[in-house]
Amino acid sequence: MTIAPPRAGASFHRSHRLRRTAALRRLVRETRLDPSAWVLPVFVDARASEVTPIASLPGHARWPIARVAEMAERAAAAGLGGLLLFGLPDEKNDGRAAADPLGPVPAALRTIRSRVPDLALIADVCLCEYTTHGHCGIVRDDGAIDNDATLPLLADAAIAYAAAGADVVAPSDMMDGRVGAIRGALDLAGHVETAILSYAAKFASAFYGPFREAAECAPLFGDRAAYQMDPPNAREAMIEIAADITEGADMVMVKPAGPYLDVIGAARARYDVPLAAYQVSGEYAALHAAADRGWIDLRRAALESLTAIARAGADVTITYFALEAAEWLRR
Ligand code: PBG
């Protein structure tokens with residue numbers, strides 16, 4: 001049996017009409033990429049005297065304090081929205097080094113602030129880069145994390161970063177109650193205008209592997225499953241976000257991004273504060289690794305992944321692709 005071709009006026013939807021040319025596709029695009037909504041993660045290393053490439057994050061490096069403003073200048077020239085700063089200290093201890101006003105993050109904030117005014121400066125707040133054991137909080141004798149004892153250290157770190165010029169502090173430790181503790185401490189110290197971007201729904205993910213190499217913060221024992229979220233739980237993510245907004249978060253984040261687009265979509269539908277998503281190190285490294293083997297086209301895959309994150313509902317995307325993707329959009 002042959003099927004007759006459709007008659008003129010046949011009643012089916014001709015979706016191809018608006019896909020026919022690049023101009024038409026561009027015109028009806030629902031989601032547009034905009035580098036001003038991207039945040040570039042930057043690693044500042046107190047021990048480095050030279051820019052030290054990070055093997056697990058192609059194109060990224062650990063920056064010495066004296067040169068980190070160059071990175072900020074590049075980000076500003078590319079039209080990026082901001083930087084997210086991570087620090088590697090001279091020496092790790094019980095985590096108190098995170099609050100050292102002379103530490104890598106405050107020092108970087110001061111030099112960037114004085115040289116590159118028009119960029120949002122976000123400081124990651126966590127102890128894991130500053131502890132000898134690599135966990136995000138104070139560890140008790142029995143090996144468990146002491147949530148409540150960790151809160152004042154996080155608050156002290158947030159104050160040090162606010163004092164050094166951070167526009168936003170971003171707690172990534174996943175301790176309960178830290179947003180409230182940080183907000184209260186910032187206000188008491190007079191930093192009422194410093195905003196909080198809470199890593200509200202941060203999952204215990206396999207995709208953080210390359211970052212832990214970059215920041216030298218892989219836990220020496222155990223894992224982070226007792227404080228970061230269990231990957232199967234999307235409803236619980238809504239509870240985490242609600243709690244952080246109640247405690248005073250100005251913006252909230254879902255992390256990782258690509259494998260958690262459903263969580264981003266649900267958070268966008270439910271909450272009205274600005275929503276950030278973090279395309280993490282493993283998402284970035286996996287695309288690079290596949291592209292190196294010739295299995296995917298890096299530029300197309302990266303832009304597609306960033307489009308998916310924006311389409312799911314993220315207002316702000318933290319991504320290691322920020323600089324090169326801004327460049328791709330210009331060409
Ligand atoms: C610190 C922190 C981590 C990341 C951001 N902040 C590591 C972790 O939780 O293990 C991961 C970022 C990435 O993978 O790009 N707690």
Side-chain angles (χ1 to χ4, degrees), residues 38-44 54-62 83-89 92 95 97-98 104-105 122-131 133-139 145 147 150-151 153-154 157-158 161 166 168-176 178-179 182 196-231 240 252-260 276-289 302 305-306 309 316-323:
W38 293 342
V39 171
L40 179 73
V42 174
F43 299 93
V44 192
I54 301 166
S56 58
L57 288 173
H60 286 264
R62 296 196 199 119
L83 301 181
L84 175 61
L85 297 174
F86 294 96
L88 286 94
K92 295 176 191 270
V105 169
I122 309 174
D124 186 272
V125 176
C126 190
L127 302 190
C128 69
E129 300 108 274
Y130 301 90
T131 54
H133 46 67
H135 276 290
C136 303
I138 296 282
V139 175
I145 301 295
N147 184 92
T150 303
L151 301 182
L153 275 70
L154 296 168
Y161 306 157
V168 181
V169 290
S172 67
D173 53 283
M174 285 301 278
M175 296 303 127
D176 290 329
R178 91 273 205 216
V179 173
I182 289 171
I196 299 177
L197 162 58
S198 159
Y199 286 68
K202 174 171 175 178
F203 290 87
S205 172
F207 288 91
Y208 305 149
F211 174 95
R212 291 181 187 170
E213 191 180 320
E216 293 172 356
C217 68
L220 281 185
F221 54 88
D223 57 31
R224 306 204 203 291
Y227 44 104
Q228 298 181 348
M229 288 190 64
D230 201 22
E240 286 278 11
V252 294
M253 189 198 298
V254 173
K255 178 187 173 191
Y260 295 85
Y278 196 147
Q279 181 179 51
V280 300
S281 57
E283 299 178 73
Y284 174 84
L287 294 187
H288 265 279
S305 70
L306 291 168
I309 294 163
V316 173
T317 302
I318 298 161
T319 173
Y320 298 93
F321 284 116
L323 271 182

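Whatever order the structure lists them in is the order used to number ligands and atoms, beginning at 1.
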Student: Evaluate the ring planes of Tyr284 and His60, with Trp represented by its six-membered ring, and classify them as parallel (under 30°), tilted (30 to 60°) or perpendicular (over 60°).
Tutor: perpendicular
Student: At a 4.0 Å threshold, what atoms of ligand 1 neighbour a non-hydrogen atom of Cys136?
Tutor: 16 (N)
Student: So, is the end of the Lys255 side chain (NZ or CZ) under 6.0 Å from the ring centre of Tyr208 and within 45° of the ring's axis?
Tutor: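 Here Lys255 passes the 6.0 Å and 45° test against Tyr208.
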Student: Give the atoms of ligand 1, by number and element, whose distance to some non-hydrogen atom of Tyr278 is under 4.0 Å.
Tutor: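 Answer for ligand 1: 12 (C), 15 (O).
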Student: Using the rule given for ring pair (Phe, Tyr, Trp, His ring centres under 6.0 Å), can you reason through Phe203 versus Tyr278, listing the C-alpha separation, both sets of side-chain angles and the distance that settles it, and then say yes or no?
Tutor: CA-CA 11 Å; Phe203 290 87; Tyr278 196 147; over 10 Å; no
Student: Between Asp124 and ligand 1, which residue portion shows a heavy-atom distance shorter than 4.0 Å: side chain, backbone, both, or neither?
Tutor: side chain
Student: Distance to 0.1 Å, residue and atom name: give those for the protein heavy atom nearest to atom 15 (O) of ligand 1.
Tutor: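 I find the closest protein heavy atom is Tyr320 OH, 2.6 Å.
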Student: So which pairs with a foot in residues 220-231 pass salt bridge (charged side-chain N to carboxylate O under 4.0 Å, His left out), sequence neighbours left out?
Tutor: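 Sorted pair list comes back empty.
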Student: Taking 4.0 angstrom as the limit and counting only heavy atoms of Cys128, give me the atoms of ligand 1 inside it, by number and element.
Tutor: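 Near Cys128, the atoms of ligand 1 are 1 (C), 16 (N).
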Student: Return the closest protein heavy atom for atom 14 (O) of ligand 1 as residue, atom name and distance.
Tutor: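 Atom 14 (O) of ligand 1 sits closest to the protein heavy atom Ser281 OG, 2.7 Å.
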Student: Which residue in the set Val105, Asp124, Val44 passes side-chain contact (heavy atoms from CB on, under 4.5 Å) when paired with Phe86?
Tutor: Asp124
Student: Which of these, Gln228, Glu129, Lys202, has its nearest heavy atom closest to atom 2 (C) of ligand 1?
Tutor: Lys202
Student: Show which atoms of ligand 1 fall inside a sub-4.0 Å distance from at least one heavy-atom site of Ser172.
Tutor: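 Listed by number with element, the hits are 1 (C), 2 (C), 6 (N), 16 (N).
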Student: Below 4.0 angstrom from a heavy atom of Lys255, which ligand 1 atoms are there? Numbered from 1 as shown, please.
Tutor: 2 (C), 3 (C), 4 (C), 5 (C), 6 (N), 11 (C), 12 (C)
Student: So which of Val280, Leu306, Ile309 actually passes side-chain contact (heavy atoms from CB on, under 4.5 Å) with Thr319?
Tutor: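 One option only clears the test, and that one is Leu306.
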Student: Does either side chain, that of Gln279 or that of Ser305, offer a donor lying less than 3.5 Å from an acceptor on the other one?
Tutor: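 Result is yes, a qualifying pair exists.
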Student: Could you see which bit of Phe86 sits under 4.0 Å from ligand 1, with heavy atoms only: side chain, backbone, both or neither?
Tutor: side chain
